[in-house]
Chemist: 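What follows is a single structure, and I will ask about it in a moment.
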Amino acid sequence: MKRNKLLWLFEMAALCLVLYTIIDARLDNTASVIMGGASGAYVSSDSVIFEDPNAEAEPTAEDLLDWPEINFEDPSNQYRMVRDETNFLLSSAFIPENLEQIPGSQYSLSAVALPYLEALMDAAEEAGFTIYVAGAYRTYDLQNYLFNSKASQVAAGMGVYDYMEPKYQDAVEEARTITAFPGSSEHQLGLAVDLMDKKYSSWVYENMNQEFYAWLDEHCAEYGFIKRYPTKKLLLTGWDEPWHYRYVGKEAATFIMEHDLCYEEFYAHYHSNFTY
């Protein structure tokens with residue numbers, strides 16, 4: 001019994017020694033820091049990290065990328081502008097220069113982008129796919145008609161048939177999430193195309209040919225196109241249209257697709273005041 005008591009006392013003494021060592025080590029690393037309030041109100045703390053004010057900031061993942069050198073002020077690069085809800089076209093009368101009809105289609109595209117789209121379509125044909133153009137250049141008036149039709153459809157579903165009723169504005173706001181507001185559609189730029197492998201009665205991406213889109217996503221940048229509104233970038237772009245491709249030039253397109261960016265992320269790198 002006496003022996004057990006001596007063993008217990010020995011163990012307690014050893015434990016106290018360990019605790020003392022830990023506490024002493026922490027006290028050696030404390031620093032006096034002012035906590036505010038009355039002058040000279042200092043406390044000791046070992047939780048303060050002192051940073052070197054002359055130290056260089058760690059580079060971000062964006063900084064480490066080798067971004068293309070693009071002068072957006074150059075008139076030849078104007079086709080790279082962004083148009084969306086917060087960056088409207090300057091005029092409802094805006095019409096791209098040199099629109100040309102897409103072969104085998106009722107739609108037109110800017111002459112800047114058309115040769116590259118044709119080359120992309122030829123390459124797809126060689127790979128065993130046929131590209132169906134479901135949409136391209138769209139006038140302001142047509143976009144206005146499409147938007148108002150959607151707003152009326154939404155309003156009817158709410159039991160509202162008079163656009164003068166206050167609740168009609170709720171339908172307009174909901175329509176903004178479904179159809180681009182007039183003046184904000186990329187289709188008016190004449191640089192965007194909706195690409196599919198055939199004509200679909202309803203545009204449900206999951207029901208479309210995924211092999212076709214996998215090929216298109218892998219090769220579109222070779223012809224200066226990007227997948228403009230991928231599903232995974234919905235919160236950044238505001239749109240989920242995986243069939244919508246946009247011409248931005250081969251250099252920009254290659255960088256965007258290789259680094260899994262959306263166009264807003266790319267554009268913002270060159271325009272510090274750009275919001276999205």
Side-chain angles (χ1 to χ4, degrees), residues 78-97 99 101-102 105-110 132-196 198-208 213 226-247 262-268 271 273-276:
Q78 288 304 300
Y79 65 85
R80 290 197 171 107
M81 58 185 162
V82 170
R83 288 296 174 256
D84 54 29
E85 282 275 5
T86 56
N87 301 277
F88 288 116
L89 293 171
L90 299 178
S91 169
S92 60
F94 175 84
I95 299 176
E97 295 182 1
L99 284 170
Q101 187 168 357
I102 301 171
S105 165
Q106 61 178 317
Y107 300 103
S108 298
L109 200 66
S110 169
Y132 172 76
V133 179
Y137 169 65
R138 202 179 289 160
T139 65
Y140 179 96
D141 289 341
L142 176 55
Q143 190 65 41
N144 188 50
Y145 169 78
L146 294 173
F147 181 82
N148 287 332
S149 296
K150 180 56 67 176
S152 297
Q153 179 185 356
V154 173
M158 299 166 57
V160 178
Y161 298 94
D162 184 353
Y163 70 90
M164 296 297 289
E165 288 189 33
K167 284 193 67 175
Y168 193 89
Q169 189 59 37
D170 294 336
V172 170
E173 292 305 312
E174 185 173 339
R176 280 178 179 266
T177 67
I178 303 171
T179 303
F181 195 77
S184 69
S185 173
E186 280 199 341
H187 285 290
Q188 193 179 344
L189 292 174
L191 299 170
V193 287
D194 294 326
L195 301 179
M196 301 179 182
K198 65 179 181 179
K199 184 175 182 179
Y200 287 90
S201 57
S202 59
W203 291 12
V204 180
Y205 187 65
E206 289 74 14
N207 296 338
M208 297 178 182
Y213 285 110
I226 59 172
K227 183 190 279 286
R228 182 65 179 87
Y229 300 120
T231 301
K232 61 186 175 182
K233 297 289 185 176
L234 170 62
L235 295 180
L236 298 179
T237 68
W239 297 101
D240 180 7
E241 295 185 0
W243 49 76
H244 182 115
Y245 289 79
R246 155 83 186 265
Y247 180 77
C262 66
Y263 196 54
E264 280 75 6
E265 292 171 298
F266 178 80
Y267 195 84
H271 301 79
N273 61 343
F274 175 69
T275 57
Y276 63 96

Chemist: Mind checking whether Tyr213 and Tyr245 have parallel, tilted or perpendicular rings, split at 30° and 60°?
Modeler: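 Ring orientation of Tyr213 relative to Tyr245: parallel.
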Chemist: Minimum heavy-atom separation for Phe147 to Ala180, with atom names?
Modeler: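 Answer, listing the atom of Phe147 first, then Ala180: CD1-O, 3.8 Å.
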Chemist: Between Phe94 and Tyr140, is the ring centroid distance below 6.0 Å?
Modeler: no
Chemist: Is Gln188 close to Leu142 at the side-chain level, that is, under 4.5 Å between some pair of heavy atoms?
Modeler: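 Side-chain contact under 4.5 Å: no.
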Chemist: Walk me through it: do Glu264 and Arg228 pass the test salt bridge (Lys or Arg N to Asp or Glu O under 4.0 Å)?
Modeler: CA-CA 9 Å; Glu264 280 75 6; Arg228 182 65 179 87; 2.9 Å; yes
Chemist: Looking only at heavy atoms, what is the nearest atom pair of Thr179 and Trp239, with distance?
Modeler: C-CH2, 3.5 Å
Chemist: If you measure only the distance, is there a donor-acceptor pair under 3.5 Å linking the side chains of Tyr168 and Ser152?
Modeler: yes
Chemist: At their closest point, which heavy atom of Asp240 faces which heavy atom of Leu234, and how far apart are they?
Modeler: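 Of all heavy-atom pairs spanning Asp240 and Leu234, the closest is N-CD1, 3.8 Å.
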Chemist: I'd like to know if the side chain of Tyr107 reaches the main chain of Ala134, judged simply by a donor and an acceptor atom lying under 3.5 Å from each other, with no hydrogens or angles considered.
Modeler: yes
Chemist: Drop me the distance from Gln101's CD to Gln106's CD, to the nearest 0.5 angstrom.
Modeler: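 The distance works out to 8.5 Å.
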Chemist: Just how far is it from atom CH2 of Trp243 to atom CG of Asp194, taken to the nearest 0.5 Å?
Modeler: 8.0 Å
Chemist: For a quick test of reading the model, state the closest non-hydrogen atom pair linking Met158 to Lys167 and the distance between them.
Modeler: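 Answer, listing the atom of Met158 first, then Lys167: CE-O, 3.8 Å.
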Chemist: Are there more than 12 heavy atoms of other residues, nucleotides or ligands under 6.0 Å from atom CD of Glu173?
Modeler: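 Correct, the count exceeds 12.
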Chemist: Salt bridge or not for Arg138 and Glu186, using N-O below 4.0 Å?
Modeler: no
Chemist: Rounded to the nearest 0.5 Å, how far apart are CG of Asn207 and OH of Tyr200?
Modeler: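 So the CG of Asn207 and the OH of Tyr200 are separated by 8.0 Å.
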Chemist: So which heavy atom on Ala268 is nearest to which on Tyr276, and how close?
Modeler: CB-CE2, 3.6 Å
Chemist: If you take all heavy atoms of Gly190 and Leu109, which pair is closest and at what distance?
Modeler: O-CD1, 3.2 Å
Chemist: Is there side-chain contact between Val154 and Ile178, with heavy atoms separated by less than 4.5 Å?
Modeler: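 In contact.
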Chemist: How many angstroms lie between SG in Cys262 and NZ in Lys232, if you round to the nearest 0.5 Å?
Modeler: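 NZ of Lys232 is found 10.5 Å from SG of Cys262.
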Chemist: Would you call the rings of Tyr267 and Tyr263 parallel, tilted or perpendicular, taking 30° and 60° as the class edges?
Modeler: tilted
Chemist: What's the separation between atom NE2 in His187 and atom OG in Ser108, rounded to the nearest 0.5 Å?
Modeler: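 So the NE2 of His187 and the OG of Ser108 are separated by 13.5 Å.
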Chemist: Enter the distance from Tyr137:OH to Leu191:CG here, rounded to the nearest 0.5 Å.
Modeler: 11.5 Å
Chemist: Look at atom OH of Tyr145 and say whether more than 12 heavy atoms of other residues, nucleotides or ligands are closer to it than 6.0 Å.
Modeler: no
Chemist: Under the side chain to side chain contact (heavy atoms under 4.5 Å, CB included) rule, what do Trp203 and Met208 come out as? Steps first, then yes or no, please.
Modeler: CA-CA 8 Å; Trp203 291 12; Met208 297 178 182; 4.0 Å; yes
